[in-house]
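The structure appears below as structure tokens.
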Amino acid sequence: MSHRRVVITGLGCISPLGPDVESFWAKARLGESAIGPIRNLDMSDVRFQNGAEIHGFVPTEHFEDKQLIPLDRFAQLAVVAAREAVRQANPQWSDAERERTAVVTGSCYGGKTSEDEGFREIYANPGKRARVHPMTIPRLMANAGTSWIAMEFGLQGPSYTVSTACSSANHAIGQAFWLVRSGICDLAVTGGCEAPLTPGSMKAWEALRVVSPDTCRPFSKDRKGLVLGEGAAMLVLESEERAQARGAVILGEIAGFGMSADAHHVTQPTVEGPALAIRRALEDGRIDAAAIGHINAHGTGTPANDPVETAAIRRVLGAQADHARVTSTKSLHGHTLGAAGALEAVAATLTLGRREAPPIANYLGLDPDCDLPLILAPEACNAEYAISNSFAFGGLNAVLLFRAYRG
Amino acid sequence: MLESMSDDILQRVIKVVAEAQKLPIEKITAESTFAELAIDSLDGIQLLFHLETEFEINIPDEAAREVRGIKELAEGVEKLVALKTA
């Protein structure tokens, strides 16, 4: 079966690093971290204090008052990111093509903000006629991002949401990639969106004891855990043929996608599961491990993930693992859960396209179990291929293979 | 019918509709229909929520289903308010 090539013609994101792709990259390329004290929540009863928040986002600057009523924060972010990506791609859809455009988004939680706020009154006032807002269900459904993007642009093709915790966006982008590559669709708007910074969510993460009391230090000695963030990122994918025919600016290419399950433990990762997903991504892209020059790692900064990811990369890449340059942009924008893979897809696309790699922030020194060629200062990148890893709680792994588009 | 309806309730209903729908209050009269005001089914559900809050009543699903305009809405509210105070 012959495969079409799938290119990226639009990128959009709103993240703790800034309201759009250029502000994201201006800080990411220099390794400037947006992690800091959480300001939008009362954190007095939470053991950790830091997060990666989006500051300065005013929903009414993006939506009419009435439009906002059924929109949770996570869906607002999804639409804002999609608008930027679509504006850049300028896809010039015909009516027929709108039916052949997919919308596939990832979200771990859905509308957690609305759920938290809505249910608080119910649980605090049992039997006292407490009510929730009638838009609570439309706000909290995890597919809200996909639905509002489809409505915004009148896109009528295959549209759904994938929820696989921290791998959600990679699974979503991978599915969209396959839809376009196979010819089922000609275009896709795909990515992830998450707004997980709510009081209930903070307490739940605190209880799981995986959040760092200070900051996110991927692959570093003395790393203490992940740092939560919020954001959304979207990509416009398009068949190379269509993009070329209309003279679109091509920003990069998705060349492969691999998935696996650890089938082992709900929070303890294995080497085998992630390694299998990386191998599947390379097989899917029909390339050899020696071609991988850059890795945007899952790199959560938890004691458990980083050495396991190191071993998985070494197992699949072999000798190339001493050469492929590794970053984890979670040290910059935080762990945005269902949006993580999407923000990292933006980073990987720009890394290959602009030939510059964003460094890991907050690194303190070598952990011998995480001895990969880490990017610790801004550097040039001449890699042709990059992988971007996402490994979720529940042992669900998704790896995207990116290729620099050189025509 | 209209004369028997409490003008106070009608005005309060109109105010709730105006605020919820982001409509100028002078555009809404007792004779306005939901169709004229572009109030769709989802808007209607939110109106019921706001009316329940405003009048401290409980509007049953079946009572709400047939309402097509402001006058019927205010009448329905008036009945429920009367039941509450009876």
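Quick note on labels: first sequence line is chain A, next is B, and so on, each numbered from 1.
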Decide if atom CD of B/E56 counts as having more than 12 heavy atoms of other residues, nucleotides or ligands within a radius under 6.0 Å.
-> no

Distance col, row A/I69:CD1 vs B/Q21:CD, nearest 0.5 angstrom, shows 7.5 Å

Handout entry: Within 6.0 angstrom of A/E64 CD, more than 12 heavy atoms from elsewhere
Key = no

Residues A/R131 and B/F49: closest non-hydrogen pair is NH1-O, 3.0 Å

To the nearest 0.5 Å, atom CE of A/M135 lies from atom CD1 of B/I45 at 5.5 Å

Rounding to 0.5 Å, atoms NZ (A/K66) and CG (B/L23) come to a distance of 7.5 Å

When every non-hydrogen atom of B/Q46 is compared with those of A/P134, the smallest separation belongs to CA-CG, 3.8 Å

Under 4.5 Å to a heavy atom of chain A? For B/N58 that would be both

For B/D8, is the CG atom crowded, meaning more than 12 foreign heavy atoms sit under 6.0 Å from it?
yes

Tell me whether the count of non-hydrogen atoms from other residues, nucleotides or ligands lying under 6.0 Å of NZ in A/K203 goes above 12.
yes

